[in-house]
Amino acid sequence: MDVHNVHERLLPVTEREAGALIDGLAGEGDRLWPRGPWPPMEFDRPLGPGAVGGHGPVRYSVAAYVPATWVRFTFTGPRGFHGFHEYAALPAGDGHTVLRHTLSMAARGPARLAWPLLWRPLHDACLEDSLDRAELACTGAVARPARWSPYVRLLRALVR
């Protein structure tokens, strides 16, 4: 099963300002990754090629990194996740930037069933929370905060 999943938010800031959010991933004062309700993003060293880590049971390594622009993570787990996810700050003109998260993978074995039933709903909720944090960091407010579906709330309750 091939998966291509994209989440993005138009932010009223320059590419460099949005890119600073990417640069802060897993660091002190990270303003992009949704802490608290989601497992923290952690690495064995500062963000850069070769850093190994992930969040909760989702494991990956940093495959490529262009400061203030783009970072790509290659999956190492869970079993059956073959591909990558990435954040990119893309110029949108007039002092605006699109902050985009892309997940592209082949789901194999148990992941063929686990992705649509478990991982996708949780991933989508987590990424929308991440983009809410980005919007808050850039504007001081979130125009339309993401809301977890009843199914996501149920999954999160079962995980706890």
Non-neighbouring partners of W148 that pass side-chain hydrogen bond (donor to acceptor under 3.5 Å, both in side chains), sequence neighbours left out:
D129
Could you pull out all residues at least two apart from E17 that satisfy side-chain hydrogen bond (donor to acceptor under 3.5 Å, both in side chains)?
T14
Do any N or O atoms from the side chain of [X] and from the backbone of [Y] form a donor-acceptor pair under 3.5 angstrom?
X: D44; Y: V52; value: yes
X: D23; Y: P67; value: no
X: S130; Y: E128; value: no
X: N5; Y: L103; value: no

H7 and H85: aromatic ring centres closer than 6.0 Å?
no
On a heavy-atom basis, which atom in [X] and which in [Y] lie closest, and how many Å separate them?
X: F81; Y: F75; value: O-CB, 3.7 Å
X: A89; Y: I22; value: N-CD1, 3.7 Å
X: Y151; Y: P121; value: CE2-CG, 3.7 Å
X: A107; Y: R112; value: O-CG, 3.1 Å
X: G48; Y: V62; value: O-CB, 3.1 Å
X: G54; Y: F43; value: N-CE2, 4.3 Å

Under 4.0 Å between a Lys/Arg side-chain N and an Asp/Glu carboxylate O for R100 and E86?
no
Please say whether the positively charged group of R156, taken as NZ for Lys or CZ for Arg, lies over the ring of W38, i.e. under 6.0 angstrom from the six-membered ring centre and within 45 degrees of the axis.
yes
Out of curiosity, [X] [atom1] to [Y] [atom2], how far, rounded to the nearest 0.5 Å?
X: L11; Y: L90; atom1: CG; atom2: CG; result: 11.0 Å
X: M41; Y: L25; atom1: CE; atom2: CG; result: 5.0 Å
X: Y60; Y: T76; atom1: OH; atom2: OG1; result: 9.5 Å
X: L117; Y: L122; atom1: CG; atom2: CG; result: 11.0 Å
X: R59; Y: E42; atom1: CZ; atom2: CD; result: 7.5 Å
X: R31; Y: L136; atom1: CZ; atom2: CG; result: 9.5 Å

So E8 and T102, side chain to side chain contact (heavy atoms under 4.5 Å, CB included) or not? Walk me through it.
CA-CA 9 Å; E8 60 185 26; T102 303; over 6 Å; no
Kindly work out whether a path of hydrophobic side-chain contacts (I/L/V/M/F/W/Y, heavy atoms less than 4.5 Å apart) joins [X] to [Y].
X: L21; Y: V98; answer: no
X: V142; Y: L131; answer: no
X: V152; Y: W119; answer: yes
X: L47; Y: F84; answer: no

Describe, in one word, how the ring planes of W115 and H123 are oriented to each other, choosing from parallel (under 30°), tilted (30 to 60°) and perpendicular (over 60°).
tilted
Under 30°, 30 to 60°, or over 60°: which ring-plane class applies to W33 and H55, parallel, tilted or perpendicular?
tilted
Where do L99 and L32 land on the side chain to side chain contact (heavy atoms under 4.5 Å, CB included) test, with the steps shown first?
CA-CA 10 Å; L99 183 61; L32 181 55; 3.7 Å; yes
Side chain to side chain contact (heavy atoms under 4.5 Å, CB included) between D132 and R9, intermediate numbers included:
CA-CA 9 Å; D132 280 358; R9 187 79 47 99; 3.0 Å; yes
Would you please name every residue forming a side chain to side chain contact (heavy atoms under 4.5 Å, CB included) with L158, sequence neighbours left out?
L154
Greater than 12 external heavy atoms within 6.0 Å of R79's CZ:
no
Heavy atoms of other groups near R35 CZ, more than 12 under 6.0 Å
yes
